[in-house]
Amino acid sequence: MNARISEVRPRQIWDSRGRPTVEVEIVLADGSIGRAAAPAGASRGSNEAVDLRDGGSGLDRWGVSAALRGIEEVIAPRLTGMSVEDQSGIDAALLDLDGTPQKSILGGNAMIAVSMAAAWARAVHRGRPLWQELSDGADPFLPLPEVQIFGGGAHAARRVDVQDYMVVAVGAEDYRQALDWTARVYLAAGEVMAEAGLLAGVADEGGYWPAFDSNEEALDRLVRAIERAGLRPGEDMAISLDIAASEFHDDGLYTLAADGTTLSRDEMVDLVLAWVRDYPIVSVEDPLDEADAEGLAAFSRQAPAALQVVGDDVLVTNAARVEDAARRGACNAVLVKPNQAGTLTEARAALEAARRLGWDAIVSARSGETEDVTIVHLAVGWGARQLKVGSFARSERMAKWNEGLRIADALGHARMAGREAFRWTVLRGAGR
Ligand code: PGA
Ligand code: ZN
C-alpha cells in the first residue's frame, strides 16, 4: 500500500556537456524517494526513442521545458496512486500515454527518467540497493568494463572517424584489477600523446582528443600505451572499437576524412577486418551504417568467430530488432542503452532477447551524462557481463566506475563474469 506513488516531481538539471536534461523524483506514500536523470546521445540511432527538445536557437535547442510539462501534466496524474512494485505496469502506462513508436509525444528523455526513478523508489521502499532489487536472488557479479582511451567521431568534432578506441581488461582477475589496469593505460596514453606533441585535451566522454593523422595511428598509439603500462596487448588488455559508421556513411559510401578515403561497403568491411587481423581487437561495434543490414551480415560472416560484433545504432535496444538481426546473421552482442528504449521494461526485454540467442549484452551510458549511476545497478542486477560508460576521467564517468566498486564491497567480492565466458578467450587461444 505505502509503495504507492504520491508525487512525481520533474526538474531540469544540466548534463556533462552543459546542456539541459530531465531529472525526476518519485515520492511514495511511505516517504521513500527515488531519483533518476536522463542521459543524451550525440551519435543517435534513427530508430531510438526521441529526446523531446524545445528547439530554436542557442541553448533553447536543447531545452526540456516541454518534456517537464508532459511529466507534470500527463504522466504525474496517471501514475499517482500506482504502486512501484509493478514496474511493468508503470512502464505500460507510460507507453499508453505516449502512444507513438518512438516516444515523440512525451519524449524518451521524460519517460526513461520516470521509469528509472520508479525503480529507485521501489528499491528505497524495500530498503535494498537497486542492483539487489533487480537481481531476483541470482548470485551477482560485476561487469567487465569497456573503457574509452581516445574519443573521436561525433564526440571530437570528427577529428578521426572512428568514435571510440576502448580497452577491455580481458586478463584481469576482477573488477578492481580491471579498473587499476585501465587507469595505468589511461595514464600511459596521456604520456604517449604528450611525448608525441599530440596532447590536446579530451573529447566528450573523457578520452584523449585524437590528434592523429589517420584512424589507424590511434590503434598504434593505443597498443603502445598498453605496453607502456606494463601490460600485454591482447593478453592482459585488448582493444574494443565503436566505429559508429552511420556517422560517416552516405548513400552507400563511407568517407573516412582522417584517412582521405571513400570506401564502398565491401572495402569498409575489408578495412575493419584488416584492423581486427593486425591489432588485438576483441570487439567491434557498428562497423557499418545502421541501415546496411546486408553489410552488417557480411561483416559478421567474415569476422573471426571469436570477434564480438556489437549492434548499437542498428538495434537501438529493441528486442524485435535484436531478433531480426539474428535472423539475418548480423551481430552477436547488443548494446543496451535504456534511453534508446525509453522504459526499463523495454531495455530489459532487449537484453533478455539477446540472452536467449546466446548473445552477449553491454549496458551502456551515453556521451551526454550526469552523476546518475542507474546503469551500473542495471548491469549488475540484470547480469550483463559488460559495461561501457566512456573514459577514465570526468566525474560523470568516474561516478559509474566508482559505483561498481561500492557494489563490489557490498557483494564482498569484485568477481566479474568468468574469463572463459567470453568468446574472445578463443581468439587469444588461437595464437594471436
Ligand atoms: P552517443 O554515442 O551516446 O553519443 O549516441 C555512444 C555510442 O555510440 O555508443
Ligand atoms: Zn555506439
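Residue indices begin at 1 and follow the sequence shown. Whatever order the structure lists them in is the order used to number ligands and atoms, beginning at 1. Only this structure's heavy atoms are used, side chains among them; waters, hydrogens and symmetry mates stay out.
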Walk me through whether R19 and D15 qualify under salt bridge (Lys or Arg N to Asp or Glu O under 4.0 Å). CA-CA 5 Å; R19 297 176 189 167; D15 76 9; 5.7 Å; no

Assess whether salt bridge (Lys or Arg N to Asp or Glu O under 4.0 Å) is satisfied between E72 and R69, documenting all intermediate values. CA-CA 5 Å; E72 246 156 25; R69 212 166 36 245; over 6 Å; no

Step-by-step salt bridge (Lys or Arg N to Asp or Glu O under 4.0 Å) determination, D324 to R328: CA-CA 6 Å; D324 184 55; R328 295 168 190 266; 3.1 Å; yes

Could you walk me through whether V389 and L387 satisfy the side-chain contact (heavy atoms from CB on, under 4.5 Å) test, starting with their C-alpha distance in whole Å, then the side-chain angles of each, then the deciding distance to 0.1 Å, before giving a yes or no? CA-CA 7 Å; V389 308; L387 178 65; 3.8 Å; yes

Test salt bridge (Lys or Arg N to Asp or Glu O under 4.0 Å) on R356 and E323; report intermediate values, then the result. CA-CA 10 Å; R356 280 194 301 276; E323 281 155 8; 3.3 Å; yes

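The only option from V272, T261, L256 that meets the side-chain contact (heavy atoms from CB on, under 4.5 Å) definition with N215 turns out to be L256.
Polar contact check, A42 against ligand 1: a nitrogen or oxygen pair lies under 3.5 Å apart. On a distance-only criterion, E205 and ligand 1 share no N/O pair closer than 3.5 Å. Checked against a 3.5 angstrom limit, the closest N/O atoms of D313 and ligand 1 fall outside it.
Inspection of the environment of the Zn ion (ligand 2) yields the following protein N, O or S atoms under 2.8 Å: D242 OD2, E285 OE2, D312 OD2.
Shortest contact from atom 8 (O) of ligand 1 to any protein heavy atom: Q163 NE2, 2.8 Å. Looking at atom 5 (O) of ligand 1, its nearest protein heavy atom turns out to be R366 NH2, 2.7 Å. From the protein, the heavy atom lying nearest to atom 6 (C) of ligand 1 is K337 NZ, 3.3 Å. The single protein non-hydrogen atom nearest to atom 3 (O) of ligand 1 is S367 N, 2.8 Å, given as residue, atom name and distance.
Heavy-atom contacts of G41 reach the following atoms of ligand 1: 1 (P), 3 (O), 4 (O), 5 (O) (cutoff under 4.0 Å). Near E285, with a cut-off below 4.0 Å to any heavy atom, the atoms of ligand 1 are 9 (O). Close contacts between ligand 1 and K388 involve ligand atoms 7 (C), 9 (O) [criterion: under 4.0 Å to a heavy atom]. Short contacts between ligand 1 and D242, defined as distances under 4.0 Å to a heavy atom of the residue, involve ligand atoms 7 (C), 8 (O), 9 (O). Those atoms of ligand 1 that come under 4.0 Å of a heavy atom in H155, given as number and element, are 1 (P), 2 (O), 4 (O), 6 (C).
At a threshold of 4.0 Å, the pair E346-K103 counts as salt-bridged, since one of the basic side-chain nitrogens sits closer than that to a carboxylate oxygen. With respect to the salt-bridge test (charged N to carboxylate O, under 4.0 angstrom), the residues D51 and R44 qualify. Note on R366 versus E205: no salt bridge recorded, every NZ/NE/NH1/NH2 to OD/OE distance being 4.0 Å or above. A salt bridge is absent between D174 and R415: the closest approach of a Lys/Arg side-chain nitrogen to an acidic carboxylate oxygen does not fall below 4.0 angstrom.
For residues 92-120, every residue pair satisfying the ring-ring contact (aromatic ring centres under 6.0 Å, His included) rule, not counting sequence neighbours, is listed here: W120-H377. Among residue pairs with one or both ends in residues 164-188, those qualifying as ring-ring contact (aromatic ring centres under 6.0 Å, His included) are Y186-Y208; sequence neighbours excluded.
At a heavy-atom cutoff of 4.0 Å, ligand 1 is contacted by no atom of D286, backbone or side chain. Proximity of D312 to ligand 1, defined as any heavy-atom pair under 4.0 Å, is confined to the side chain (atoms from C-beta onward).
Legend: residues meeting ring-ring contact (aromatic ring centres under 6.0 Å, His included) with F248, ordered by chain and number and at least two apart, are absent.
Using a 4.0 angstrom heavy-atom cutoff, S43 counts as in contact with ligand 1.
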